[in-house]
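Following: one structure in structure tokens, then a few remarks.
Worth saying up front: this structure is predicted, and the values here are computed from it rather than measured.
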Amino acid sequence: MNSFKVQYVIALCVVAAVGVPVEDGKWHPYHYGDSGKYIPTDEGKYIHIPNPYIHIDNPYDGGFGPYAHDYEPYVGEATVQDQYRLILTPPKDIPFYKDGYYKNNGIKIIKQKHNYDEDKYDFDFETENKIRAEEKAVLKNANSIDEGIASKGFYEYIGPDGFMYRVDYTADENGFRPKVKRLETPYSGKWILEKVN
């Protein structure tokens, strides 16, 4: 019986060795009896099963009844916004307002002109501490009851805050009519926004 088993094992090994095809790693479409072409099948194909939607008229109300719209706008918590105020920084060192500036030298006039005629005049001047003035005038309605002088001009100076103050004016039969301006200079403080909160 042992010899039969040995013969059976040898026969099985011979059949296994002869029956295994030689594989070279290449694709051989006809080696296994098919053409190598894709053959479609119905396997895995989608099959539609009609399942129409059926509406059930039973709305969910959350246990609080149907929804009712509230027309009042939403008011959240008050938000704190940054608040600022406008402040003027101190003026820079203004030489014209230092102690002793005028005591030693006085004020020098660096420019001065004037013309006087019988029916008109004009003048202008400027000092070293930035005071300026100019005026032009004419005689109106000469030798009548309405005779008078009509003038136009300006004067300006730098104030202790460093700003230039300028007054443009007209003076005539309608009175004295000034227009005042406050102008920044290299000496003036600057307006800045300071955060309050």
Side-chain angles (χ1 to χ4, degrees), residues 57 59-197:
D57 194 17
Y60 172 72
D61 64 6
F64 299 104
Y67 172 74
H69 178 71
D70 186 8
Y71 288 95
E72 294 296 320
Y74 172 73
V75 179
E77 293 181 27
T79 57
V80 178
Q81 295 181 350
D82 292 337
Q83 295 178 351
Y84 294 88
R85 67 178 174 181
L86 199 60
I87 62 164
L88 181 65
T89 60
K92 295 182 181 171
D93 192 25
I94 306 171
F96 317 123
Y97 286 94
K98 285 187 175 178
D99 287 342
Y101 180 80
Y102 301 113
K103 291 179 183 174
N104 298 335
N105 302 322
I107 303 168
K108 294 179 183 169
I109 296 174
I110 56 176
K111 176 182 160 188
Q112 183 175 14
K113 287 197 273 183
H114 52 85
N115 297 311
Y116 296 103
D117 290 334
E118 191 174 304
D119 59 347
K120 64 181 177 179
Y121 71 86
D122 63 83
F123 70 84
D124 64 34
F125 70 87
E126 181 177 356
T127 64
E128 67 178 344
N129 62 343
K130 306 295 182 195
I131 296 173
R132 288 180 50 204
E134 180 182 298
E135 183 175 293
K136 295 180 181 180
V138 294
L139 181 63
K140 292 177 80 176
N141 304 320
N143 301 322
S144 74
I145 196 165
D146 293 327
E147 181 179 84
I149 296 174
S151 64
K152 262 189 171 177
F154 73 89
Y155 60 89
E156 64 185 20
Y157 63 93
I158 294 180
D161 58 359
F163 283 88
M164 172 77 69
Y165 291 90
R166 179 179 172 117
V167 178
D168 290 285
Y169 62 87
T170 302
D172 55 19
E173 65 273 9
N174 297 315
F176 181 75
R177 299 184 306 280
K179 292 181 182 175
V180 180
K181 294 179 187 173
R182 184 178 186 218
L183 308 167
E184 287 188 1
T185 69
Y187 308 108
S188 61
K190 304 295 179 205
W191 289 101
I192 61 169
L193 288 174
E194 179 183 68
K195 191 171 180 181
V196 175
N197 56 352

By side chain to side chain contact (heavy atoms under 4.5 Å, CB included), which residues pair with [X], not counting sequence neighbours?
X	value
Phe125	Gln112, Phe123, Thr127, Ile131, Ala133
Ile145	none
Glu118	none
Lys179	none

(message) Taking Asn174's backbone N and O only, do any of them form a donor-acceptor pair with Asp172's side chain (distance below 3.5 Å, no angle check)?
(response)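 Looks like yes, one N/O pair under 3.5 Å.
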(message) Given 3.5 Å as the limit, does a donor-acceptor pair link the side chain of Glu128 with the main chain of Lys108, or not?
(response)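 Yes, the answer is positive, given that a donor and an acceptor are paired below the 3.5 Å cut-off.
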(request) Measure the spacing between NE2 of His114 and CG of Asp122 and express it to the nearest 0.5 Å. (result)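 Output value for this atom pair is 10.5 Å.
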(message) Tell me every residue that passes salt bridge (Lys or Arg N to Asp or Glu O under 4.0 Å) with Lys140, counting only those two or more places apart in sequence or in another chain.
(response)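 Residues passing salt bridge (Lys or Arg N to Asp or Glu O under 4.0 Å) with Lys140: Glu173.
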(message) Less than 4.5 Å apart, side chain to side chain, heavy atoms only: is that true for Asp119 and Val138?
(response)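 Asp119 does not reach Val138 side chain to side chain.
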For residues 146-170, which side-chain N or O atoms pair as donor and acceptor with protein atoms under 3.5 Å away, sequence neighbours left out?
{"residue": "Glu147", "atom": "OE2", "partner": "Asn143", "partner atom": "N", "Å": "2.8"}
{"residue": "Glu156", "atom": "OE1", "partner": "Arg166", "partner atom": "NH1", "Å": "3.1"}
{"residue": "Glu156", "atom": "OE2", "partner": "Arg132", "partner atom": "NH1", "Å": "3.2"}
{"residue": "Asp161", "atom": "OD1", "partner": "Phe163", "partner atom": "N", "Å": "3.2"}
{"residue": "Asp161", "atom": "OD2", "partner": "Tyr165", "partner atom": "OH", "Å": "2.6"}
{"residue": "Asp161", "atom": "OD2", "partner": "Arg182", "partner atom": "NH2", "Å": "3.0"}
{"residue": "Tyr165", "atom": "OH", "partner": "Arg182", "partner atom": "NE", "Å": "3.1"}
{"residue": "Arg166", "atom": "NE", "partner": "Asp168", "partner atom": "OD1", "Å": "3.2"}
{"residue": "Arg166", "atom": "NE", "partner": "Asp168", "partner atom": "OD2", "Å": "3.1"}
{"residue": "Arg166", "atom": "NH2", "partner": "Asp168", "partner atom": "OD1", "Å": "3.2"}
{"residue": "Tyr169", "atom": "OH", "partner": "Glu135", "partner atom": "OE1", "Å": "2.4"}

